[in-house]
Amino acid sequence: MPSTDSFATRENAIRIASSDLQYNEQTLRALFEHCSDVVFRSVALQDNAKLLLVYVDGMIDKELVQSSILKPLMYDGLPQGLRTLDSLAQMCNLQLVAALQTKRISVFDEVADLILKGSVAFLAEGESSILLADVSQFESRAIEEPSTEAALRGTRESFTEELRTNTTMLRRIIVTPGLKMESFQIGKLTKTEVVLSYIDGVASPSLIDQVRTRIEAIDIQSVLESGYIEEYIEDTNYSPFPQTQSTERADVVSAGLLEGRLAVFVSGSPIVLVVPMTFWDGLQAPDDYYERFLYVTMNRWIRYLFALFSILFPSIYIALITYHPEMVPPKLMLSITALREQSPFPTVIEVFIMEFMFEGLREAGIRLPQQIGPLVSIVGALVIGQAAVQAGIISAPIVIVVSAAGISSFVIPRYRFGYPFRMLRFPLLLLSGCFGLFGVALGLILILAHLIQLTPLGSPYLEPIAPAKENKLLNVLIRRPRKRTS
């Protein structure tokens, strides 16, 4: 029998279960010391044999344990047709295997991990291995409509925090054994399950190997959201443009997989990553392929124009008013000059003030409770904006310019893709305030140069525009109609 004094000396060694029930119980109690939610429950069976159950209270289905495990063992005896079995664990295994997933493990650390994931551990006298049955039951959020990816047509189901619910939603759409789900455990403390999904034969093997290698190389203490994994997968962390497409819609993930891309699910996160991503993916809406192609093509061009408008309009306004007034119609210029007479700041300072106020109001509207958020936006837009104009702090045209640019950024269908357009507006404002239209042109050239050299996971970010691929180029400009083959 191993001595209890050996616990301390074996603290860092691999701890193996023995045939002594008392030693096994003490080892588990030492592992779960000060864990009040871990339950150790001793059960006496019909033949006075002792059975110890260990589980985390609140993580298991107690009714299932009571009706399918304890009741048969304590009162009903062996099922009909079973002869005397060699061990208690074998009996439990045969009793439970029909309905539950069971494992027999000898390493205590692995036993502790499974207990913490919702399994019940069965320890019996004379057994050198511990039987674990998966009876996990967690409270989870119901499937709801997507909150960040609105669409007029298409599925109303969004992913949840439950990993198996999310993978099941994908399985219901893509019904083929070629849909692969590779599982990884990331995070020394959280041991978060990460699933890499792809369609075998559709996704490039080199791309799969590349993403798999990057996931396996992740060495961190914790993973609380898919954003942790995203930073380890993408190539350039310092780029303002997202290189992985994040979505909460099962149809978007399915479409990505059917195009040969990969999806990364993270347990506890309703956001799924689709890689690699291109610039044009950020400007396409989920229902682009559900509506008639004429409407979609028109809306796609509107998005392109408004995305450009949102990033350029304030800086071009500064450049024209400050450096190139001759390019503005005289009547309009006189009107703007008259409205700016009371303002004490240069135009570029006015725009900066309004941009910061606009971003502050947007952030406050997101962070505040739903009952207060819209109120803050209304108060900020109507009361503060109007009061600032009347007080002469800023001029009315600036309010119009910044508001129009801000509203234009909302046309971008993927909220995260709107971040770089909002952020890059500020350096463009600075350049236009210093150099006029030449500064705006310089800023655009730098942004385009950055986008051209961006190649997440080896895929050019601006493809199929740069480099040009004729067979895919048309799909960026228009949504081609589907045609009958016969």
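These numbers come from the heavy atoms of this one structure, side chains and all, not from hydrogens, waters or symmetry mates. The first residue in the sequence is number 1, and the count goes up from there.
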Participant: Does the side chain of Asp109 come within less than 4.5 Å of Leu31's, by heavy atoms?
Facilitator: yes

Participant: I'd like to check Ser395 versus Ile398 (side-chain heavy atoms, cut-off strictly below 4.5 Å). Are they in contact?
Facilitator: yes

Participant: Do Glu350 and Ser343 have a side chain donor and acceptor closer than 3.5 Å?
Facilitator: yes

Participant: Could you pull out all residues at least two apart from Ser204 that satisfy side chain to side chain donor-acceptor pair (under 3.5 Å)?
Facilitator: Ser206

Participant: Does atom CD of Gln453 have more than 12 heavy-atom neighbours, drawn from other residues, nucleotides or ligands, at distances under 6.0 Å?
Facilitator: yes

Participant: Restricting to non-hydrogen atoms, name the atom on Ala121 and the atom on Val111 that form the minimum distance, rounded to 0.1 Å.
Facilitator: CB-CG1, 4.4 Å

Participant: Does Arg479 offer a backbone N or O that forms a donor-acceptor pair with the side chain of Thr297 under 3.5 Å?
Facilitator: yes

Participant: Between Arg414 and Leu283 (side chain of the first, backbone of the second, donor and acceptor by atom type, cut-off under 3.5 Å), is there such a pair?
Facilitator: no

Participant: Do other residues, nucleotides or ligands put more than 12 heavy atoms under 6.0 Å from the CZ atom of Phe438?
Facilitator: no

Participant: Are more than 12 heavy atoms from other residues, nucleotides or ligands located less than 6.0 Å from atom OH of Tyr289?
Facilitator: yes

Participant: Check whether Gln185 reaches the backbone of Val194 with its side chain - one donor and one acceptor, N or O, closer than 3.5 Å.
Facilitator: no

Participant: Without swapping roles, check the side chain of Asp287 against the backbone of Leu152 for a donor-acceptor pair under 3.5 Å.
Facilitator: yes

Participant: Once ring-ring contact (aromatic ring centres under 6.0 Å, His included) is applied, what residue pairs with a partner in residues 439-460 remain, sequence neighbours excluded?
Facilitator: none

Participant: Table please: side-chain donor-acceptor pairs of residues 308-315 below 3.5 Å, with sequence neighbours left out.
Facilitator:
residue : atom : partner : partner atom : Å
Ser310  : OG   : Ala307  : O            : 2.7
Ser315  : OG   : Leu312  : O            : 2.9

Participant: Are a donor atom and an acceptor atom from the side chains of Ser158 and Glu145 found within less than 3.5 Å of each other?
Facilitator: no

Participant: Among all residues two or more places apart in sequence or in another chain, which pass the side-chain contact (heavy atoms from CB on, under 4.5 Å) test with Thr155?
Facilitator: Glu157, Arg249, Asp251

Participant: Between Lys103 and Asp134, is there a salt bridge with N-O shorter than 4.0 Å?
Facilitator: no

Participant: So, using side-chain contact (heavy atoms from CB on, under 4.5 Å) as the criterion, who are the partners of Thr244 when residues are at least two apart?
Facilitator: Glu230, Leu273, Val275

Participant: Do the two ring centres, one from Phe306 and one from Phe421, sit under 6.0 Å apart?
Facilitator: no

Participant: Looking at Arg261, is its backbone amide N or carbonyl O close enough to the side chain of Glu259 to form a donor-acceptor pair, meaning the two atoms are under 3.5 Å apart?
Facilitator: no

Participant: State which residue, out of Ile218, Leu196, Val264, Ile229, fulfils the side-chain contact (heavy atoms from CB on, under 4.5 Å) condition with Phe184.
Facilitator: Leu196

Participant: Tell me whether Arg156 at atom CZ has more than 12 heavy atoms from other residues, nucleotides or ligands lying less than 6.0 Å away.
Facilitator: yes

Participant: Just to verify, which of Leu429, Ile336, Thr322 counts as forming a side-chain contact (heavy atoms from CB on, under 4.5 Å) with Tyr317?
Facilitator: Ile336

Participant: Does Tyr415 form a side-chain contact (heavy atoms from CB on, under 4.5 Å) with Ile366? I'd like the steps, not just the answer.
Facilitator: CA-CA 12 Å; Tyr415 185 76; Ile366 294 171; 2.9 Å; yes

Participant: Between Arg367 and Glu363, is there a side-chain N and carboxylate O pair less than 4.0 Å apart?
Facilitator: yes

Participant: Taking the inter-plane angle between the rings of Phe265 and Phe159 on a 0 to 90° scale, is it parallel (under 30°), tilted (30 to 60°) or perpendicular (over 60°)?
Facilitator: perpendicular

Participant: Are side-chain heavy atoms of Val351 and Val401 found at a separation under 4.5 Å?
Facilitator: no

Participant: If we ignore hydrogens and angles and just use 3.5 Å, is the side chain of Arg153 paired with the main-chain N or O of Ala151 as donor and acceptor?
Facilitator: no

Participant: Would you mind reporting whether Leu207 and Leu262 have side-chain heavy atoms less than 4.5 Å apart?
Facilitator: yes

Participant: First locate atom OG of Ser409, then atom CD1 of Ile407, and finally report the distance between them rounded to the nearest 0.5 Å.
Facilitator: 8.5 Å

Participant: For Val223, does its backbone N or O pair with a side-chain atom of Thr192 as donor and acceptor, under 3.5 Å?
Facilitator: yes

Participant: What residue pairs, at least two apart or across chains, pass ring-ring contact (aromatic ring centres under 6.0 Å, His included) with a residue in residues 318-345?
Facilitator: none

Participant: For atom NZ of Lys469, is the number of surrounding heavy atoms from other residues, nucleotides or ligands below 6.0 Å larger than 12?
Facilitator: no

Participant: Can you check whether Phe279 reaches Leu451 side chain to side chain, under 4.5 Å on heavy atoms?
Facilitator: yes

Participant: Which heavy-atom pair separates Trp280 from Ile465 by the least distance, and what is that distance?
Facilitator: CZ2-CG1, 3.2 Å

Participant: I'd like to check the ring-ring contact (aromatic ring centres under 6.0 Å, His included) partners of Tyr295; sequence neighbours left out, ordered by chain and number.
Facilitator: none

Participant: Which atoms form the tightest heavy-atom contact between Gln243 and Pro456, and what is the distance?
Facilitator: CB-CB, 3.8 Å

Participant: Name each donor-acceptor pair under 3.5 Å that joins a side chain in residues 327-335 to protein atoms two or more places apart or in another chain, with its distance.
Facilitator:
none

Participant: Looking at Thr160 and Glu162, would you say the former's side chain and the latter's main chain have a donor-acceptor pair under 3.5 Å?
Facilitator: yes

Participant: Measure from the side-chain N and O atoms of Asp281 to the backbone N and O of Thr278, and report whether any donor-acceptor pair falls under 3.5 Å.
Facilitator: yes

Participant: Pair Phe352, Phe426 - check side-chain contact (heavy atoms from CB on, under 4.5 Å), show working.
Facilitator: CA-CA 8 Å; Phe352 265 108; Phe426 290 97; 3.6 Å; yes

Participant: Which atom names give the shortest non-hydrogen contact between Leu444 and Leu428, and what distance separates them?
Facilitator: N-CD2, 4.2 Å

Participant: Would you please say whether a donor-acceptor pair under 3.5 Å links the side chains of Ser269 and Glu225?
Facilitator: yes

Participant: Are side-chain heavy atoms of Asp57 and Val38 found at a separation under 4.5 Å?
Facilitator: no

Participant: Would you please name every residue forming a side chain to side chain donor-acceptor pair (under 3.5 Å) with Lys188, sequence neighbours left out?
Facilitator: Asp219

Participant: Can you name the nearest heavy-atom pair linking Leu64 to Val135, along with the distance?
Facilitator: CD2-CG1, 3.8 Å

Participant: Does the Glu161 side chain pair with the main chain of Ser267, one donor and one acceptor, at a distance under 3.5 Å?
Facilitator: no

Participant: Who passes side chain to side chain donor-acceptor pair (under 3.5 Å) against Ser197, sequence neighbours left out?
Facilitator: none

Participant: Could you walk me through whether Ser136 and Asp61 satisfy the side-chain contact (heavy atoms from CB on, under 4.5 Å) test, starting with their C-alpha distance in whole Å, then the side-chain angles of each, then the deciding distance to 0.1 Å, before giving a yes or no?
Facilitator: CA-CA 6 Å; Ser136 58; Asp61 187 344; over 6 Å; no

Participant: Counting neighbours of CD on Gln221 that are heavy atoms of other residues, nucleotides or ligands and sit closer than 6.0 Å, is the number greater than 12?
Facilitator: yes

Participant: Any idea which heavy atoms bring Glu193 and Ser183 closest together, and the distance?
Facilitator: OE2-OG, 2.8 Å

Participant: Arg214: what forms a side chain to side chain donor-acceptor pair (under 3.5 Å) with it, not counting sequence neighbours?
Facilitator: Asp235

Participant: Please report the C-alpha distance between Tyr198 and Glu182 in whole Å, then the side-chain angles of each, then the deciding distance to 0.1 Å, and finally whether the side-chain hydrogen bond (donor to acceptor under 3.5 Å, both in side chains) criterion is met.
Facilitator: CA-CA 9 Å; Tyr198 57 89; Glu182 294 185 20; 2.5 Å; yes

Participant: For Pro242, what residues pass the side-chain contact (heavy atoms from CB on, under 4.5 Å) criterion, not counting sequence neighbours?
Facilitator: Met277, Arg416, Phe417, Pro420, Tyr461

